[in-house]
Protein chains: 2
Amino acid sequence: MADTARSAGSRAAGHRRHAERRPTMKDVAARAGVGLKTVSRVVNGEAGVSTDTERRVNEAITALGFRRNDSARVLRKGSTSSVGLVLEDLADPFYSPLSRAVEEVARAHGALLINGSSAEDPERERELVLALCARRVDGLVIVPASGDHRYLEPEMAAGVATVFVDRPPGRIEADLVLSDNFTGAREGVAHLIAHGHRRIGFIGDQPRIHTAGERLRGYRAAMAEAGLAVADSWVAPGGTDPQRVRADAARMLDGTEGTEPVTAFFSGNNRVTVALVRELAAPVRRERAVALVGFDDFELADLLSPAVTVVAQDPADLGRNAAELLFRRLDGADDEPRRVSRPTRLIARGSGELPPSL
Amino acid sequence: MADTARSAGSRAAGHRRHAERRPTMKDVAARAGVGLKTVSRVVNGEAGVSTDTERRVNEAITALGFRRNDSARVLRKGSTSSVGLVLEDLADPFYSPLSRAVEEVARAHGALLINGSSAEDPERERELVLALCARRVDGLVIVPASGDHRYLEPEMAAGVATVFVDRPPGRIEADLVLSDNFTGAREGVAHLIAHGHRRIGFIGDQPRIHTAGERLRGYRAAMAEAGLAVADSWVAPGGTDPQRVRADAARMLDGTEGTEPVTAFFSGNNRVTVALVRELAAPVRRERAVALVGFDDFELADLLSPAVTVVAQDPADLGRNAAELLFRRLDGADDEPRRVSRPTRLIARGSGELPPSL
DNA sequence: GCCACTTCTGACAACGTTGTCCAGCCCCTC
DNA sequence: GAGGGGCTGGACAACGTTGTCAGAAGTGGC
């Protein structure tokens, strides 16, 4: 009684920290005058507790501000009801809808999402993933930054369900959800060719990144199918740094010795597309209309002039599919790893339909 | 020996789940032929283990694929080295940099970030926050959706550090990081007035959301300071639904009985701004240039025509400040709750400098 | 009034880790 | 050679919860 009063008094201090030990089920039991297990039953909504006892326990719970300690629960039960998501950058407009979609599916399954950004650093990916494993997440959704995921073998053997998304895992078998990057890129480039372009530049990310490699492959395939040769200087797989993209674009637009200038660009992802749009909108570039098809949709693409034609992926759809694959495993499926391919969609808005000029 | 061979064999099955019990420190100890506590010492890098013993233990760890169970660790130590972040929508381009910034600060302090979206639903915010508390996060960063956070009192009393960001908490005292919404909005509207506008429409979110209310207050203050009356029909605090925003804008642009049409808009957030840009870009609207200043910056604002003048907040800066306040508390600070106000920045790009037409 | 049965409750062990404490060993010194 | 000190290793309890199992209390039938 005296104890309770003091407790309430110190709680009123509001911002004061480390004020008191957290009440446990034992404390609740003592206050309600019941056994420990009875409190556990009430907290977990188990049957077999009389209404009167239940009421007394609930009163004690609110009076003490008790909250079950999930660490102890996890230790006992073995499952955490949480899943981990590791991706490149939480703040990337491509990945944030993916992350949100995974969160929604997790929520529907009563699981919490813990996520982290690898910043495209293999070592950081590994650290994050292993930290999540140490916390005993039930499953993992990973957008790989690393090329070797054998470090996950013991974890997967121990029962951590793992799904890769957007890029395939390295040296390991696991569920996988990918956009059809190759076909998407091929169609995008074919679209430019269909509008009369013969000299098309490709600017994209480093081909060691799987998606980037596939898109480059799609570009080459479309050119080859149309019987068009690709000059070395038309391909810039150098990364997404805006300065660099603009420099690469400028070089292709101005032509080099022996190679004619390009009349269109196919861009490997949305960051490149945005940098390209900036370059093409620069005063010195405006005199000539250069066609552009970009991989990945982005907000306001339809409001630019010309509006930007894109090969769109649906990141939320990727995330949803990956999460569903994950919970399928968590529900007990243990058949062969699946590989899900999601189609892309060409959205013609104007920039990809400009005829060649020059 | 035989055991190990079998274990390796089953692990090779790769995708097979629930294959085997996870090894514990006890298993490692048995295999290395040492005591339990010695394994613990090696795992935690504690002193007092001979190099030879350490090597044996490490071999056993890799052979068994042991990974420390953090649930048990947390249960024993009391601290989780993780912080929670609850915001409105992870995928919102305003919040994702904030989230990322919190993640970076947490990482620098060796903590993991667990985050969730409240979807602007007070009940869901409460559920999420309490789930995080049950997991015994060390601290919380919250973008409130609810107007009453007294449910956090027992948690804060029990030592969960809590920082609110972007919006103030309801009926509770706690650390707080806010943009100076009022001043930002007032300056934005004053900017339009300085460029000759007298009839300015305001479209924003519901004023029960603190930031929205402050921005509306800033709008009214700027108008009042310039001696301009505000017609009821110029203010649409109805929310961010694009259809609705466009309808509100259309009504203000066409004028109503007794009220002249507006010549400029001040928009309450980036979602509204984008919807407005769409409406102003519609073919039927193009004949008349309407000025626009938006609260919140957004990608490509500079590439639209006209480029969009905005009052910019720095969401990453908000997140960083909030996280730093949080870790300050976790490091033991227990002075009065702080209230940090971050300035906004007016970025003139064109749309806000258009003169009144009509 | 007694037994069988149901309903409700509580004692106890276990989950995997870490902190405390003590024991054994080796080397050094007197 | 005995005693002291430093180093290494291990037994044990505790963290807060849940599953198991058995006991207590209440109910109905004979």
Side-chain angles (χ1 to χ4, degrees), chain A residues 20-58 60-61 64-82 131 133-138 158-159, chain B residues 20-58 60-61 64-82 131 133-138 154-155 158-159:
Chain A
E20 54 204 273
R21 189 177 61 81
R22 276 199 99 109
T24 71
M25 284 193 178
K26 206 163 151 189
D27 302 322
V28 175
R31 181 170 174 127
V34 302
L36 182 53
K37 179 68 216 204
T38 302
V39 176
S40 172
R41 273 194 268 265
V42 172
V43 169
N44 294 296
E46 283 171 39
V49 178
S50 71
T51 25
D52 184 58
T53 310
E54 183 176 350
R55 187 185 44 73
R56 283 216 317 286
V57 170
N58 278 323
I61 288 180
L64 296 176
F66 166 79
R67 179 135 349 260
R68 183 177 62 197
N69 184 331
D70 274 352
S71 300
R73 169 170 231 250
V74 162
L75 179 57
R76 188 67 235 264
K77 305 205 76 165
S79 136
T80 54
S81 299
S82 60
C133 287
R135 265 155 225 254
R136 296 291 188 269
V137 290
D138 296 337
Chain B
E20 54 204 273
R21 189 176 60 80
R22 276 200 99 109
T24 70
M25 284 192 177
K26 205 166 153 188
D27 302 321
V28 175
R31 179 170 177 126
V34 302
L36 181 54
K37 180 66 217 206
T38 302
V39 177
S40 172
R41 273 195 267 264
V42 172
V43 169
N44 294 295
E46 283 171 39
V49 180
S50 69
T51 24
D52 184 57
T53 310
E54 182 176 351
R55 188 185 44 72
R56 285 216 317 286
V57 170
N58 277 324
I61 287 179
L64 297 176
F66 166 79
R67 179 135 347 262
R68 183 178 61 199
N69 184 331
D70 273 353
S71 299
R73 170 171 232 252
V74 162
L75 179 58
R76 188 66 235 262
K77 305 204 76 164
S79 134
T80 54
S81 298
S82 60
C133 288
R135 267 156 224 253
R136 296 292 187 269
V137 290
D138 296 338
E155 312 301 331

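Chain identifiers are assigned alphabetically (A, B, ...) following the order of the sequence lines, protein sequences preceding nucleic acid strands; residue numbering begins at 1 within each chain.
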K.L.:
Check the distance between C:dA13's C1' and A:Leu75's CG and give it to me in whole angstrom.
P.N.:
13 Å
K.L.:
Check every strand shown and say whether A:Val74 touches a base, only sugar-phosphate, or nothing at a heavy-atom separation below 4.0 Å.
P.N.:
nothing
K.L.:
Check B:Phe66 against B:Thr24 and note the closest heavy-atom contact, atom names and distance.
P.N.:
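Looking at all heavy atoms of both residues, the shortest contact is CE1-C, 3.6 Å.
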K.L.:
Is a side-chain donor-acceptor pair under 3.5 Å present for B:Arg68 with B:Asn44?
P.N.:
yes
K.L.:
Measuring to OP1 and OP2 of C:dG19, would you say a side-chain N or O of B:Ser40 lies under 4.0 angstrom away?
P.N.:
no
K.L.:
Just N and O in the side chain of A:Asn44: are any of them under 4.0 Å from OP1 or OP2 of D:dT18?
P.N.:
yes
K.L.:
Answer yes or no: does a side-chain N or O of A:Thr38 lie under 4.0 Å from OP1 or OP2 of C:dG10?
P.N.:
yes
K.L.:
Nearest to the side chain of A:Ser50 - D:dT18, C:dT9, C:dT17?
P.N.:
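Comparing D:dT18, C:dT9, C:dT17 against the side chain of A:Ser50, the answer is C:dT9.
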K.L.:
Can you tell me the distance, in whole Å, between the CG atom of B:Leu36 and the C1' atom of C:dC21?
P.N.:
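Result: 15 Å.
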K.L.:
Just the rounded figure in Å: distance from C1' of C:dG19 to CD of B:Glu46.
P.N.:
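Those two atoms, CD and C1', are 9 Å apart.
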K.L.:
Which of the following nucleotides, C:dG16, C:dG19, D:dT18, is nearest to the side chain of A:Met25?
P.N.:
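When the side chain of A:Met25 is considered, D:dT18 is the closest of C:dG16, C:dG19, D:dT18.
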K.L.:
Decide yes or no on side-chain contact (heavy atoms from CB on, under 4.5 Å) for A:Arg135 and B:Arg67, but give the supporting numbers first.
P.N.:
CA-CA 10 Å; A:Arg135 265 155 225 254; B:Arg67 179 135 347 262; over 6 Å; no
K.L.:
Assuming nearest nucleotide by heavy-atom distance, tell me which of B:Thr51 and A:Arg68 is located more 5' along DNA chain D.
P.N.:
B:Thr51
K.L.:
Taking atom types as they are modelled, would you say the side chain of B:Arg41 forms a donor-acceptor pair with the base of D:dG10 within the 3.5 Å cutoff?
P.N.:
yes
K.L.:
Between atom CZ in B:Arg22 and atom P in C:dG16, what is the gap in whole Å?
P.N.:
11 Å
K.L.:
How is A:Thr53 classified with respect to the nucleic acid when contacts are heavy atoms under 4.0 Å: base, sugar-phosphate, or nothing?
P.N.:
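It contacts sugar-phosphate atoms only.
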K.L.:
Of B:Arg136 and B:Arg56, whose closest DNA chain D nucleotide lies nearer the 5' terminus?
P.N.:
B:Arg56
K.L.:
Provide, to the nearest angstrom, the distance between the CZ atom belonging to A:Phe66 and the P atom belonging to D:dT17.
P.N.:
4 Å
K.L.:
To the nearest Å, give me how far apart CZ (B:Arg55) and P (D:dG9) are.
P.N.:
12 Å
K.L.:
Taking only side-chain nitrogens and oxygens of A:Lys37, does any of them come within less than 4.0 Å of OP1 or OP2 of D:dT17?
P.N.:
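It does not, given that no N or O in the side chain of A:Lys37 lies less than 4.0 Å from OP1 or OP2 of D:dT17.
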K.L.:
Indicate, with a heavy-atom threshold strictly under 4.0 Å, whether B:Val49 touches base, sugar-phosphate, or nothing.
P.N.:
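Touches sugar-phosphate only.
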K.L.:
Reckon B:Val43 touches a base, only the sugar-phosphate, or nothing at all at heavy-atom distances under 4.0 Å?
P.N.:
nothing
K.L.:
Calculate the interatomic distance between A:Arg76 atom CZ and D:dT20 atom C1'; express it in whole Å.
P.N.:
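Roughly 9 Å, once rounded to whole Å.
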K.L.:
Which residue in the set A:Arg31, A:Lys26, A:Met25 passes side chain to side chain contact (heavy atoms under 4.5 Å, CB included) when paired with A:Val39?
P.N.:
A:Met25
K.L.:
For B:Lys26 and C:dT17, what is the distance between atoms NZ and P respectively, to the nearest whole Å?
P.N.:
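So the NZ-P distance, B:Lys26 to C:dT17, works out to 11 Å.
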K.L.:
Look up atom OG in A:Ser82 and atom CZ in A:Arg136, then write down how far apart they are to the nearest 0.5 Å.
P.N.:
11.5 Å
K.L.:
I need the A:Arg76 CZ to B:Ser71 OG distance, nearest 0.5 Å.
P.N.:
13.5 Å
